[in-house]
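Counting from 1, the numbers follow the sequence of the chain as shown. Read the numbers this way: they start at 1 and go in the same order the structure lists the ligands and their atoms. The model shown is predicted, which means the values in this text are computed figures rather than measured ones.
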Amino acid sequence: MRLRGTMSIDQRGHLLIGGCDTVELAHQYGTPLYVIDEAALRQKAREYRRAFGHYIPGSEVIYAGKALLTSAICRIIDEEQLSLDVVSGGELYTALVADFPPERIYFHGNNKSPSELAMAVTHRIGRIVVDNLHELKLLQEIAAALGAEVKILMRITPGIETNTHAYIQTGQFDSKFGFPLGTEETMAAIECAARRMPNIRLMGLHCHIGSQVMDLRSFGLAAEYMVGFMAKIRDELGLELEELDLGGGLGIRYRGDDEPPEPEEYARIISQTVTSACSELNLPIPKIMVEPGRSIVGEAGTTLYTVGAVKDIPNVRRYVAVDGGMTDNPRVTLYQAVYEACLANKAAEEPRDLVTVAGKCCESGDVLIKDIMLPPVEPGDILAVFSTGAYNYSMASNYNHLPRPAMVTVYQGMSEVIVERETYADLIRLDRIPPRLAASRKTAAEITKSAAAK
Ligand code: LLP
């Protein structure tokens, strides 16, 4: 087992994160519980800023909010002076309400609606990353109607296939995202944006090749293709673009033996590639942006569960069932993700039993970890699953009407709730019963009273 961030094990054999005993956190806040190691998150944000500031002065690190976005996370990202990438009106709203400076917000997405675009233009956010021709025309119309000038990047698919799960590859030509690199239609769209759209200001290009990418060469290749394309745009259209956003995608440690590259190595390879490609093509070095999501919050998150049923099927396997599952972490069923875990209340004990950790949803596929060695597991133990900071809460659902877990930050021995646990009442908050069906409806108070009487 590899400890992440500020994790340690105390003399009672309990797992501590941010100086807080996770067993106590589980009892205090209930489970499942998302725990965010605030120091680890801030540390990653700082590593990114330092690395990119050092290797590529003037560059910008943009946190990809799709990985994890809550109001408090927006505040932390702002305090760490990162910019923010949002992909929907909902994410934009969250950021604006959390008072994130609009000029540091980038808006992505392959099908932004007219109202989402209008919201972005009205709030004068930093850049809109335009994905396709339809959006480009729509944005010009909206900006003209609002009398605004909008700074944009155009999203390009560079034609690179990365070595990651097919669902999270995005740089290949056959993709729903972006303009394919170098085609006549793309060149025409770029010229149109730069020269024929009075309310649009084309600042540069964007690409994103995929997520959980461990091989830095893919990023180098993308940078090389994109700089080459910028040179083609200069040569054929006479346009010198100022900005190049290379997207996110750096992988993290899920299993103990994963060795993800550090932000420092990532910044170095991008800097080297961009510098040498630009000098070869006699192009001024553009302003570089990157958009890491997972590699900032992923390893800072741990999910705590309480073990319930433990079931042995002799000569087959031992199932350990926990009180969450695919509802709070859909990544195992979606991408066959492999997670590492420990028993938070027996963290110093030798792992001796091979078990499979199952969730509580009515699906055989709701398995969180297939085959993991743990100390002997008993009902009531607290299971801590590591590296759940990214794409867990943000992809959580209420399947089987399970309320979504609470989230706390831990920092220097102090824990604070940043997302409340959903209640049963939250689950039906938006339900409506048309009058023709309204014959007998119990109030929440009646339900609670009759449950208490039993
Ligand atoms: N920029 C763009 C345009 C993106 O589409 C993404 C991720 C990022 C940045 C951030 O990528 P990151 O640094 O987090 O890898 N739900 C999947 C991941 C989907 C990623 C979508 N785009 C998962 O759980 O693996």
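The ligand atoms of ligand 1 that sit less than 4.0 angstrom from a heavy atom of Gly249 are 11 (O), 12 (P), 13 (O), 15 (O).
Of the N or O atoms in Gly293, one or more lie within a sub-3.5 Å distance of an N or O in ligand 1. Any N or O atom pair closer than 3.5 Å counts here, and Arg331 shares at least one such pair with ligand 1. Considering backbone and side-chain N/O atoms, Arg155 never comes within less than 3.5 Å of an N/O atom of ligand 1. Of the polar atoms of His108, none of the N or O atoms is found under 3.5 Å from an N or O of ligand 1, judged by distance alone. Between Ser295 and ligand 1, not a single N/O pair is under 3.5 Å apart.
Residues Thr157 and Ser175 bring no donor and acceptor atom of their side chains to less than 3.5 Å of each other. Under 3.5 Å, the side chains of Glu422 and Asn398 contain a donor-acceptor pair of N or O atoms. Thr423 and Asp426 form a side-chain donor-acceptor contact under 3.5 Å, judged by distance and modelled atom types alone.
The part of Asp85 lying near ligand 1 is the side chain, judged by heavy-atom distances below 4.0 Å. Of the heavy atoms in Phe177, none comes closer than 4.0 Å to ligand 1. The backbone and the side chain of Glu291 each have at least one atom closer than 4.0 Å to an atom of ligand 1 (non-hydrogen atoms only).
Annotation: cation-pi geometry satisfied between Arg155 and Phe177 (NZ/CZ under 6.0 angstrom from ring centroid, within 45° of ring axis).
Aromatic pair His206/His108: ring centres closer than 6.0 Å.
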